[in-house]
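Note that this is a predicted model, so its numbers are computed, not measured. Chain letters run A, B, ... following the sequence lines, proteins first and then strands; every chain starts at 1.
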Amino acid sequence: MKIATFNINGIKARAEALPQWLDEAAPDVVLLQEIKSVDEAFPRDLFEDRGYFVETHGQKSFNGVAILSKLPLEDVERGLPGDEDDDQARWIEATVVGKTAVRLCGLYLPNGNPAPGPKFDYKLSWMARMKDRASALLADEMPVVMAGDYNIIPQAEDAAKPEAWFEDALFRPESRAAFRRILNLGYTEAFRSREPRPGHYSFWDYQAGAWQRNNGIRIDHLLLSPQAADLLTGTGIDKEIRGRDKPSDHVPVWIELDA
DNA sequence: ATGGTTGATTTTCAA
């Protein structure tokens, strides 16, 4: 089962590039972030015509997550638990059943800039809530995949110019510590577990020729419960699509599970 | 050096 995460930065703007990549990469499951669309305006037909089931959790203008799956999506839940006042669409869950059942969590973790400030506080409190949900999911002892735009640079080797990110919410010690607290529950960061070498990125800013200079960062991750990590057979980043017409500023990151 | 670009919806915010 090939599972990918892709921050598309707007479904309307990606109406050509996303289906093209789907046809080439043929993932079984895709966790999408930043659909920037309400559910009613999401172009479901684009994906249903290609054999995908579609579940969305959108909002107007910003944020929004979705799941595409070639197998039926069961027990869909929308929203990260823990704060009834949080109305930002950043979390969706569903179960897909292949050879075995896999619980999928698609997430768009808050950016948190400028830091310090209220947006940074929101990022850290959101991560504390995510840790609680991640902990609860482990109790089921089933394969869990939590995938999305984490807006976290885990280590200096995950940035082409780490010195440029020292004060940024994506790399500040508080952010990386919160990320490690989730990992330390027992999750495996799939890409790093299979590729120890530096220099792999999933995001290049639109500004200042970041793509042309390969000034990237790796912030899109797939975290695996122990039962999912045991099924991991491969991982990759489809970086070449960043150089195409009308690209997102992120590229897909994927895993292959024997599931 | 505080630039530069993209998307959604506006004359601005978020990233």
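- With sequence neighbours excluded, the residues satisfying side chain to side chain contact (heavy atoms under 4.5 Å, CB included) with A:E174 are A:F120, A:L124, A:R172.
- By the side chain to side chain contact (heavy atoms under 4.5 Å, CB included) test, A:A101 is found to be paired with A:T95, A:V97, A:M142, residues two or more places apart in sequence or in another chain being considered.
- Taking the P atom of each, B:dT2 and B:dT12 are spaced 22 Å apart, rounded to whole Å.
- Between B:dT11 and B:dA1, the distance separating the two P atoms is 33 Å to the nearest Å.
- Side-chain N/O atoms of A:K36 and A:N9 include a donor and acceptor closer than 3.5 Å.
- For A:W21 and A:F6, the ring centers are positioned less than 6.0 Å apart.
- Comparing B:dG4 with B:dA8, their P atoms are spaced 22 Å from each other, to the whole Å.
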Would you list the protein and nucleotides 1-3 of chain B atom pairs, both N or O, that sit under 3.5 Å from each other?
none

How does each nucleotide of nucleotides 6-15 of chain B score, in 5' to 3' order, for protein heavy atoms under 4.0 Å: base (B), sugar-phosphate only (S), or none (-)? SSSS----SS
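- Centroid-to-centroid, the aromatic rings of A:F191 and A:H221 stay 6.0 Å apart or farther.
- By the salt bridge (Lys or Arg N to Asp or Glu O under 4.0 Å) test, A:R180 pairs with no residue at all, sequence neighbours left out.
- Remark: the separation of the P atoms in B:dT9 and B:dA15 is 15 Å, to the nearest Å.
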Can you list, pair by pair, the side-chain donor-acceptor contacts under 3.5 Å of residues 41-51 of chain A, counting residues two or more places apart and other chains?
residue: A:R44; atom: NE; partner: A:E48; partner atom: OE2; Å: 3.2
residue: A:R44; atom: NH2; partner: A:E48; partner atom: OE2; Å: 3.3
residue: A:R44; atom: NH2; partner: A:V54; partner atom: O; Å: 3.1
residue: A:R50; atom: NE; partner: A:D23; partner atom: OD1; Å: 2.9
residue: A:R50; atom: NE; partner: A:D23; partner atom: OD2; Å: 3.3
residue: A:R50; atom: NH1; partner: A:L46; partner atom: O; Å: 2.9
residue: A:R50; atom: NH2; partner: A:D23; partner atom: OD2; Å: 3.2

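- A:Y122 and A:D86 share a side-chain donor-acceptor pair at under 3.5 Å.
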